[in-house]
Every structure is written in C-alpha cells, then in structure tokens.
Enquirer: 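Below: one structure in structure tokens.
Note that the structure is predicted; figures quoted are calculated from it, not measured.
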Amino acid sequence: MQEELQIYRLVPIASPDDPHWENRPPQGEVIVRARSTGDARLVANSAELDFTDVDALPAEGTSTDMASPFRSEKLYTVILDDSGKYPNAGERGVVEGLVRVDTIVSTQLD
C-alpha cells in the first residue's frame with residue numbers, strides 16, 4: 001500500500017531584511033510532496049546541503065539541519081496546494097523550486 005502524500009508550498013513570509021534570516025539566505029518558494037505540513041518542512045530541509053555533507057566545520061557528526069530556514073515559522077509558511085497542478089502520487093521530495101546548496105563552503109583547499 002502506497003502512503004498518501006500531499007503537495008505543499010513553502011513560501012517565504014519574512015521580508016528580505018528581517019533579522020531572522022541572519023546568515024540564511026531566502027531561497028524563494030519551494031513545492032514539495034510530503035505527508036504533512038511538518039513533513040514538508042523536513043523534505044525541503046533535507047534537500048539543503050549540511051555540514052556533514054562536506055568537510056566544513058563544525059566537527060564530524062555535527063549537523064546543521066536545525067538551522068534551516070525552512071524549519072522556521074517566522075521565515076516560511078507551509079500551504080497545502082490543492083490546485084491539481086502537481087500529482088499527489090509520486091516520491092516524497094522536492095517537486096519544484098530551487099533549494100540552494102551553496103550556503104556551506106568547504107574548508108578544503110585546492
């Protein structure tokens with residue numbers, strides 16, 4: 001039995017100069033296929049680059065995924081998209097939108 005997924009839009013709600021963005025650049029609207037609004041945040045978050053994916057600080061085994069702007073209710077809102085533009089059937093993941101992966105820079109020198 002295939003799990004039932006929905007389409008959700010993660011839409012930035014804070015102004016570009018809002019201090020909540022800190023060093024997390026706005027990434028624009030992202031559309032995901034997920035189980036719930038909370039899961040939609042996790043799906044978008046998982047598409048971002050994490051410190052554990054590159055040889056950057058902090059130390060090995062330390063994740064930065066809790067710092068994702070997609071997890072912040074002050075930065076992004078999650079809206080159920082029932083427009084029918086995207087099918088509910090399919091893999092859980094990002095359907096449309098660009099999730100930046102250049103927010104973490106490797107410490108490795110060439």
Side-chain angles (χ1 to χ4, degrees):
M1 182 173 161
Q2 188 174 359
E3 66 181 325
E4 188 172 322
L5 301 174
Q6 300 289 327
I7 302 297
Y8 295 95
R9 293 175 34 228
L10 285 89
V11 181
I13 55 173
S15 66
D17 61 345
D18 189 307
H20 286 102
W21 288 113
E22 296 176 27
N23 58 352
R24 305 176 286 187
Q27 301 194 47
E29 185 172 318
V30 177
I31 300 167
V32 300
R33 186 177 292 112
R35 298 177 189 108
S36 65
T37 56
D39 187 48
R41 290 183 184 279
L42 295 176
V43 168
N45 177 185
S46 68
E48 290 181 302
L49 190 64
D50 186 35
F51 275 119
T52 58
D53 298 329
V54 296
D55 66 334
L57 295 175
E60 182 179 335
T62 303
S63 176
T64 55
D65 64 0
M66 291 304 291
S68 171
F70 294 117
R71 289 183 175 232
S72 173
E73 293 177 353
K74 294 182 186 317
L75 299 176
Y76 276 88
T77 189
V78 181
I79 302 167
L80 177 65
D81 183 330
D82 57 2
S83 67
K85 181 176 179 182
Y86 308 96
N88 289 355
E91 295 291 318
R92 181 177 166 265
V94 175
V95 175
E96 187 176 299
L98 179 63
V99 177
R100 295 177 58 166
V101 294
D102 64 346
T103 56
I104 296 175
V105 179
S106 172
T107 58
Q108 186 176 46
L109 300 175
D110 292 327

Enquirer: Hey, does D81 have a side-chain heavy atom less than 4.5 Å from the side chain of Y86?
Expert: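 Yes, their side chains come closer than 4.5 Å.
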Enquirer: What distance separates I79 CD1 from T77 OG1, expressed to the nearest 0.5 Å?
Expert: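 Going from CD1 on I79 over to OG1 on T77, the span is 5.0 Å.
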Enquirer: Go through the steps to decide whether Y8 and I31 satisfy the test side-chain contact (heavy atoms from CB on, under 4.5 Å), and finish with yes or no.
Expert: CA-CA 6 Å; Y8 295 95; I31 300 167; over 6 Å; no
Enquirer: Quick check: closest heavy atoms across A47 and V94, and the distance to 0.1 Å?
Expert: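 It is CB-CG2, 3.8 Å.
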Enquirer: Taking all heavy atoms of V32 and all of A40, pick out the closest pair and write down the distance.
Expert: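 Heavy atoms only, the tightest pair is CG2-CB, 3.6 Å.
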Enquirer: Could you go step by step and tell me if R41 and L10 meet the side-chain contact (heavy atoms from CB on, under 4.5 Å) rule?
Expert: CA-CA 8 Å; R41 290 183 184 279; L10 285 89; 4.3 Å; yes
Enquirer: How far apart are the closest heavy atoms of V99 and A44, and which atoms are they?
Expert: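 So the minimum-distance heavy-atom pair works out to CG1-O, 4.0 Å.
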Enquirer: When rounded to the nearest 0.5 angstrom, what is the spacing between OG in S72 and CG in N45?
Expert: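 S72 atom OG to N45 atom CG measures 12.0 Å (nearest 0.5 Å).
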Enquirer: Stepwise, does the side-chain contact (heavy atoms from CB on, under 4.5 Å) test hold for Q27 with E48?
Expert: CA-CA 10 Å; Q27 301 194 47; E48 290 181 302; 2.7 Å; yes
Enquirer: Shortest non-hydrogen contact from I7 to L80?
Expert: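 That would be O-CD1, 3.4 Å.
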Enquirer: According to the interplanar angle, ranging from 0 to 90°, do the rings of Y76 and F70 count as parallel (below 30°), tilted (30 to 60°) or perpendicular (above 60°)?
Expert: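 Aromatic pair Y76/F70 classed tilted.
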Enquirer: If you round to the nearest 0.5 Å, how far is CZ of R9 from CD of E96?
Expert: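 It comes to 10.5 Å.
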Enquirer: Spell out, as yes or no, whether a donor-acceptor pair under 3.5 Å connects the side chain of S46 to the backbone of V43.
Expert: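 Pair found, side chain donor or acceptor close to backbone of V43.
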Enquirer: Is a salt bridge present between K74 and D18, judged by a nitrogen-to-oxygen distance below 4.0 Å?
Expert: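 No, K74 and D18 are not salt-bridged.
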Enquirer: Can you tell whether the side chains of R33 and E91 come within less than 4.0 Å, N to carboxylate O?
Expert: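 Judged by the 4.0 Å cut-off on N to carboxylate O distance, R33 and E91 do not form a salt bridge.
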Enquirer: Would you find a donor on one side and an acceptor on the other, under 3.5 Å apart, between the side chain of W21 and the backbone of L75?
Expert: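 No, because the side chain of W21 does not come within donor-acceptor range (under 3.5 Å) of the backbone of L75.
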Enquirer: Going hydrophobic residue to hydrophobic residue with side-chain gaps under 4.5 angstrom, can you get from V30 over to V78?
Expert: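 Linked within one cluster.
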